[in-house]
Amino acid sequence: MPPTARRRKGNQVIYHNRIVIDTDAGIDDSVALALAARSPELQILAVTTTYGNAPLDLSTRNALRVLELAGSPHIPVLPGAWKPIARPLVTAPETHGASGVGYAPVPPPRPGGAVPRPRVLLDVLRATPGPITLVTLGPLTNLAIALRADRSLVRSRVACHLGMFGNINERGNTNRWADFNAWSDPEAADEIVRSALPTTMVGLDVTRQMTMSAREVERLRGSQDPLVAWLAEALQFYVEFHRSQERLDGCVVNDILPIGELIRPGLLSGERLGLRVALDEGEHRGHTKSDVHGSMTNVALQVDIAGMRKLLIRVFGKRWLEGAHR
């Protein structure tokens with residue numbers, strides 16, 4: 001991974017702890033936001049939102065709710081793009097529920113909804129002196145729009161970018177070939193891959209290894225911590241979806257891995273690969289193909305699952321982890 005993306009202390013990787021999170025605030029995003037908000041190593045400067053798991057107004061509402069429950073209502077939540085750069089808008093109520101967060105109770109969206117600001121990420125970067133780490137958990141539209149508007153500013157501010165998108169060897173979760181985030185806006189994913197930003201693609205090759213069992217989720221539903229109980233209601237919908245669609249007695253929690261890597265550098269490892277994003281309309285739409293002639297990108301391929309689960313103690317508490325091994 002390029003030296004501009006991070007500092008090193010011996011063999012340990014240390015990222016910039018000032019972070020901006022760009023999210024479509026669905027179920028796994030909510031767990032990731034909670035983990036970031038409860039980790040003292042990280043300073044969340046802003047959360048920008050986009051469409052994806054849910055429409056923009058709902059994803060914005062969901063992010064606000066998570067941060068409120070996590071004790072961080074001061075963190076600004078700023079709506080961005082409401083649709084892809086060139087494709088029709090598609091959301092995922094079958095996966096994340098009509099609200100975007102399953103069965104978790106949420107207030108109605110604010111009157112008038114979230115007003116789209118497609119250049120929101122650019123606005124945040126302009127207002128933020130010094131380097132930041134950018135984490136993208138949804139479609140990459142906000143970042144692509146920022147790059148198109150002012151590439152030099154983005155490159156000067158974003159010291160490293162961890163994006164939950166793509167897949168190399170693992171089967172897609174939208175179709176055989178593509179993950180949902182790259183599929184939703186392949187033009188945006190292509191923009192980021194070709195931009196030469198210090199990007200690490202944290203895709204399905206590692207995220208599909210991070211699962212929670214149905215029994216673990218059920219245990220969390222009895223928590224006295226309002227945040228944990230709320231997340232458990234969201235995750236219960238996820239469990240039911242995965243059981244129905246994949247015959248998995250649990251759920252895949254994709255979006256927590258980029259946050260885990262920031263807290264514990266070295267949690268993820270991988271290779272630098274040439275990548276190309278398929279822009280056609282067929283079944284390969286959004287497929288992040290390994291290609292020797294593609295743009296060189298850091299790709300996470302291995303993950304320390306035990307280490308990641310220990311980090312989740314910060315959200316779910318120690319009793320959850322101890323109970324998981326009985």
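Values in this document were obtained by computation on a predicted structure and should not be read as measured data.
Taking each heavy atom of W230 and P105 in turn, the nearest pair found is NE1-O, 2.7 Å. Contact record, P84 with L89: CD-CA, 3.9 Å, taken as the closest heavy-atom pair. Between F237 and H96, the shortest heavy-atom distance links the atoms CE2-C, 3.7 Å. Between I21 and A36, the shortest heavy-atom distance links the atoms CD1-CB, 3.8 Å. Annotation for R157 and G130: closest pair CD-O, 3.5 Å, computed over non-hydrogen atoms. Minimum interatomic distance between A54 and T91 (heavy atoms only, all atoms of both residues): C-CG2, 3.7 Å.
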- Checking side-chain contact (heavy atoms from CB on, under 4.5 Å) for the pair T207/D28: CA distance, chi angles, key distance, verdict? CA-CA 11 Å; T207 68; D28 49 339; over 6 Å; no
- Task: Please step through side-chain contact (heavy atoms from CB on, under 4.5 Å) for the pair L134 and L197, ending with a clear verdict.
- Result: CA-CA 11 Å; L134 174 65; L197 273 179; 5.9 Å; no
- L220 vs M212, side-chain contact (heavy atoms from CB on, under 4.5 Å): CA-CA, chis, key distance, verdict: CA-CA 11 Å; L220 295 175; M212 293 179 63; 3.6 Å; yes
- Message: Could you go through F165 and V193, starting from their C-alpha distance and side-chain angles, then the distance that decides it, and tell me whether this counts as side-chain contact (heavy atoms from CB on, under 4.5 Å)?
- Response: CA-CA 11 Å; F165 72 99; V193 166; 4.2 Å; yes
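The CD1 atom of I263 lies 11.5 Å from the CG atom of N17; values are rounded to the nearest 0.5 Å. Atom CZ of R314 sits about 11.5 Å away from atom CD1 of I259, to the nearest 0.5 Å. Expressed to the nearest 0.5 Å, how far CD of Q236 lies from CG of L231 amounts to 13.5 Å. If you take CG on N169 and OG on S290, they are separated by 8.0 Å, rounding to the nearest 0.5 Å. Residue I19 holds its CD1 atom at 6.0 Å from CG of L262, rounded to the nearest 0.5 Å. Between L137 atom CG and M164 atom CE the span is 9.0 Å, to the nearest 0.5 Å.
Put simply, the side chain of E68 never gets that close to the backbone of P73: no donor and acceptor are under 3.5 Å apart. Looking at D29, its side chain never comes within 3.5 Å of a backbone N or O of D255 through a donor-acceptor pair. The backbone N or O of L153 sits nowhere less than 3.5 Å from a side-chain atom of R126 that would complete a donor-acceptor pair. Under the 3.5 Å distance criterion, the side-chain polar atoms of T288 are matched with a main-chain donor or acceptor of N167. D24 places a side-chain N or O within donor-acceptor distance of the main-chain N or O of N53, the cut-off being under 3.5 Å. Of the possible donor and acceptor atoms, one in the side chain of R285 sits under 3.5 Å from a partner among the backbone N and O of W183. Side chain of D205 to main chain of L301: no donor-acceptor pair is present (N/O by atom type, distance under 3.5 Å, no hydrogens or angles). Looking at N298, its side chain does come within 3.5 Å of a backbone N or O of T199 through a donor-acceptor pair. Between the side chain of D22 and the main chain of L140, no donor-acceptor pair closer than 3.5 Å is present. No side-chain donor-acceptor contact under 3.5 Å links H16 to the backbone of T133.
Look at E218 and R221 and you find a salt bridge, because one of the NZ, NE, NH1 or NH2 atoms lies within 4.0 Å of a carboxylate O, short of that distance. By the 4.0 Å N-to-carboxylate-O rule, R208 lies close enough to E246 to be salt-bridged with it. Taking the charged nitrogens against the carboxylate oxygens, E283 and R176 have no contact shorter than 4.0 Å, which rules out a salt bridge. Taking a cutoff of 4.0 Å between a charged side-chain nitrogen and a carboxylate oxygen, R219 and E216 do not qualify as a salt bridge. Between D123 and R119, none of the side-chain N atoms (NZ, or NE/NH1/NH2) sits under 4.0 Å from a carboxylate O, so this pair counts as no salt bridge.
The side-chain heavy atoms of V239 and C251, taken from C-beta on, include a pair separated by under 4.5 Å. The shortest distance between side-chain heavy atoms of K318 and I313 falls below 4.5 Å. Looking at N254 and L204, their side chains come closer than 4.5 Å, going by heavy atoms from C-beta outward. Between R151 and S195 there is a side-chain heavy-atom pair separated by less than 4.5 Å. Residues E261 and L162 have side chains in contact (heavy-atom distance under 4.5 Å, counting atoms from C-beta outward). Put simply, the side chain of L35 reaches to within 4.5 Å of the side chain of S39, judged on heavy atoms. The closest side-chain heavy-atom distance from M308 to V206 is not below 4.5 Å. Residues R276 and H287 form no side-chain contact, since every pair of their non-hydrogen atoms from C-beta on lies 4.5 Å or further apart.
Screening V124, T23, T136 against T48 for a side chain to side chain contact (heavy atoms under 4.5 Å, CB included) leaves a single residue, V124.
One side chain, T141 or Y51, offers a donor N or O that lies under 3.5 Å from an acceptor on the other. A donor and an acceptor atom, one from each side chain of T60 and N62, are nowhere located under 3.5 Å apart.
The cluster map of Ile, Leu, Val, Met, Phe, Trp and Tyr, joined by side-chain heavy atoms under 4.5 Å apart, puts L227 and V106 in the same cluster. Linking Ile, Leu, Val, Met, Phe, Trp and Tyr residues whenever their side-chain heavy atoms come within less than 4.5 Å places Y238 and V315 in a single cluster. Residues L58 and L64 are members of separate hydrophobic clusters, defined by side-chain heavy-atom contacts under 4.5 angstrom among Ile, Leu, Val, Met, Phe, Trp and Tyr. Criterion: ILVMFWY side-chain heavy atoms under 4.5 Å apart, direct or through other members. Under it, L311 and V252 are not part of a common hydrophobic cluster. Residues F180 and F241 do not share a hydrophobic cluster, clusters being chains of Ile/Leu/Val/Met/Phe/Trp/Tyr side chains in contact below 4.5 Å.
Between W177 and H284, the two ring planes are parallel [angle under 30°; tilted spans 30° to 60°].
When the shell of 6.0 Å around CD of Q224 is examined, it contains 12 or fewer heavy atoms from other residues, nucleotides or ligands.
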